[in-house]
Amino acid sequence: MSGASSRYARALSWLDQHLIQRLYTDRVRRLILQSFPFWFASIVTGIVAVGYEKLFVWAEAVSFGWLQRQPLLAFGLTPLAFLISWGLVQRWAPAARGSGIPQLMAGIELSNPGQHHRTGYLLSLRVAFIKVLSSVALLLGGGVIGREGPTIQISAAIFRAINRLQPAGWPQLSRQIALVTGGAAGLAAAFNTPLGGIVFVVEELTQMHMARFRMAVFSAVIVAGLTAQSLLGSYLYLGFPKVTAHAGWFLATVALVAIVCGLAGAVFAKSLLWLNAYRRRFTSLAQQAGWVVGCGLLLAALAYAVGQEGVGTGKPIINRLLFQNDGQTPWYLFPVRFAGMALSYSGGGAGGIFATSLSAGAVLGDGLCRLGSVPLEDRNLLILVSMVSFLTGVVRSPFTAAILVLEMTDRHSAIFQLLLSGMMAQAVASLIDPHSFYEHLKTGFLREALAQPAQAGRSAPRSAPE
């Protein structure tokens, strides 16, 4: 028996060795070594995204609190918050202003062998740190901003830093793939939408063949998303609203709402571009500070007049419309949110427009439903359609918008209506401007990064207006 056992053990050992030799090839070993830093970066991204979200929740609750107790404080605190948010960016990291997605797009374009050193101006850890401070300061004062675009820039900065810290001789993925993967992981962790992160990469960030980066993107999205879920639990960004996914003639209503909201999103994007162009007229520091304070005072007046629904990310508004809609939302809330987003973004601080665009779309969609006397039980579908359409009008990523809203609500029954609305919104928005808001800003950030000294990212950057 012992002899048979010994032969059996030797046979197993021989089989194991040959299997290992066949499976654990040099190519597999290199792939594993390449993946370790990205998995680590994905874990860090998930942790940072959760911490950033908790900071945002706290800051929004604080702003709601003081606005409810002492509305007159808005005329002091809101301009002060605008000034602090702008000052942090102006002094330490001009590339931290705004959303963060155009900076990542520009960074990807610069991540070639001859210009990769210039990506530090756009995607350094200092930029990420100032991004957090500036956006939280703005939200504390009632800014109408989101954290999703900033999370994407922060995530790309984390991936870039870890990619650069790998020791000599360690097999590395390309700098471009590092940034693309970081963007996907950031969006997945910010919204808990892994498919949205993947679609966002394909649709918005790169025109490369998917085969070049698919495994890196897929694994980073999974690891970052699982890390966020392990800290927050399995959750949906917006819960499970009741949706009646009508077809037939109701699709005409869906298309009409998509067209109106897509046009509104495109107009919003053009408004931001016009405000940024107008702001360039102010060249001195005193003039720029005056513009920032003026934006803060105008938002303060809106906040004083409307209350807490006129400020913040807008997520509570979406939840109310989807789950507790009494049909009494004031007609003026959409123009107030529209103006608040424009003022907050044009103030020059850090802050995104993803979540706020979704909330503006929800409010506009609800208003259109009341205007058309749509029954309450049928409004949720049109509100989701409006969210997709308005966001598409701004960022021109219809599939990303549709998949994001689908994953936020788990309403797969409405997938065709959401895709249709994204397609319709994309078509009508292109009539106003063939290029997306992010594409316009990317061009500016490219010029800005190329104008920096060769050591940009390691020395103090030169500030520049939007």
Look at the side chain of [X] and the backbone N and O of [Y], then say whether any donor-acceptor pair between them is shorter than 3.5 Å.
| X | Y | result |
| --- | --- | --- |
| Ser134 | Ile130 | no |
| Arg396 | Asp433 | yes |
| Ser346 | Leu343 | no |
| Arg164 | Ala161 | no |
| Lys442 | Ile101 | no |
| Ser155 | Ile152 | no |
| Gln90 | Trp86 | no |
| Gln115 | Asn112 | no |
| Gln103 | Tyr121 | no |
| Gln452 | Glu448 | yes |

Any idea which heavy atoms bring [X] and [Y] closest together, and the distance?
| X | Y | value |
| --- | --- | --- |
| Cys295 | Phe82 | CB-CE2, 3.9 Å |
| Val292 | Gly347 | CG2-O, 3.2 Å |
| Thr356 | Arg337 | CG2-NH2, 4.3 Å |
| Thr392 | Val388 | OG1-O, 2.7 Å |
| Ser63 | Leu140 | CB-O, 3.4 Å |
| Gly310 | Val144 | O-CG2, 3.5 Å |

### Query
Hey, what's the ring geometry for Phe159 with Phe38, parallel, tilted or perpendicular (30° and 60° as the breaks)?
perpendicular

### Message
Below 30° counts as parallel, above 60° as perpendicular, anything between as tilted: where do the rings of Phe56 and Tyr52 land?
### Response
perpendicular

Does [atom1] belonging to [X] count more than 12 external heavy atoms closer than 6.0 Å?
| X | atom1 | answer |
| --- | --- | --- |
| Phe338 | CZ | yes |
| Phe129 | CZ | no |
| Tyr304 | OH | no |

### Task
Any chance you could lay out the side chain to side chain contact (heavy atoms under 4.5 Å, CB included) test for Ile84 and Leu138, step after step, and finish with the verdict?
CA-CA 8 Å; Ile84 292 173; Leu138 187 56; over 6 Å; no

Flag the pair [X] / [Y] as yes when at least one side-chain heavy-atom distance between them is below 4.5 Å, and no otherwise.
| X | Y | result |
| --- | --- | --- |
| Phe64 | Val311 | yes |
| Pro316 | Glu60 | yes |
| Thr443 | Arg447 | yes |
| Ile403 | Leu406 | yes |
| Val180 | Ile108 | yes |
| Val127 | Leu123 | no |
| Phe399 | Gln426 | no |
| Pro79 | Leu83 | no |

[X] and [Y]: side chain donor to acceptor below 3.5 Å:
| X | Y | answer |
| --- | --- | --- |
| Tyr438 | Ser397 | no |
| His440 | Asn276 | no |
| Arg175 | Thr119 | no |

### Query
What's the verdict on side chain to side chain contact (heavy atoms under 4.5 Å, CB included) for Val257 and Ser389, showing C-alpha distance, side-chain angles and the deciding distance?
CA-CA 8 Å; Val257 169; Ser389 303; 5.8 Å; no

### Query
Taking it one step at a time, do Gln153 and Leu104 satisfy side chain to side chain contact (heavy atoms under 4.5 Å, CB included)?
CA-CA 6 Å; Gln153 185 181 14; Leu104 174 55; 5.6 Å; no

Rounded to the nearest 0.5 Å, how far apart are [atom1] of [X] and [atom2] of [Y]?
| X | Y | atom1 | atom2 | answer |
| --- | --- | --- | --- | --- |
| His116 | Leu110 | NE2 | CG | 11.0 Å |
| Gln417 | Leu419 | CD | CG | 9.0 Å |
| Lys315 | Asn319 | NZ | CG | 6.5 Å |
| Leu333 | Leu364 | CG | CG | 11.0 Å |
| Arg126 | Lys131 | CZ | NZ | 14.5 Å |
| Ser85 | Ile145 | OG | CD1 | 6.5 Å |

### Task
Given side chain to side chain contact (heavy atoms under 4.5 Å, CB included), test Thr400 with Leu404 step by step and report yes or no.
CA-CA 6 Å; Thr400 299; Leu404 281 178; 3.9 Å; yes

### Message
For Tyr345 and Phe437, I'd like to know if the aromatic rings sit close, meaning centre-to-centre distance below 6.0 Å.
### Response
yes

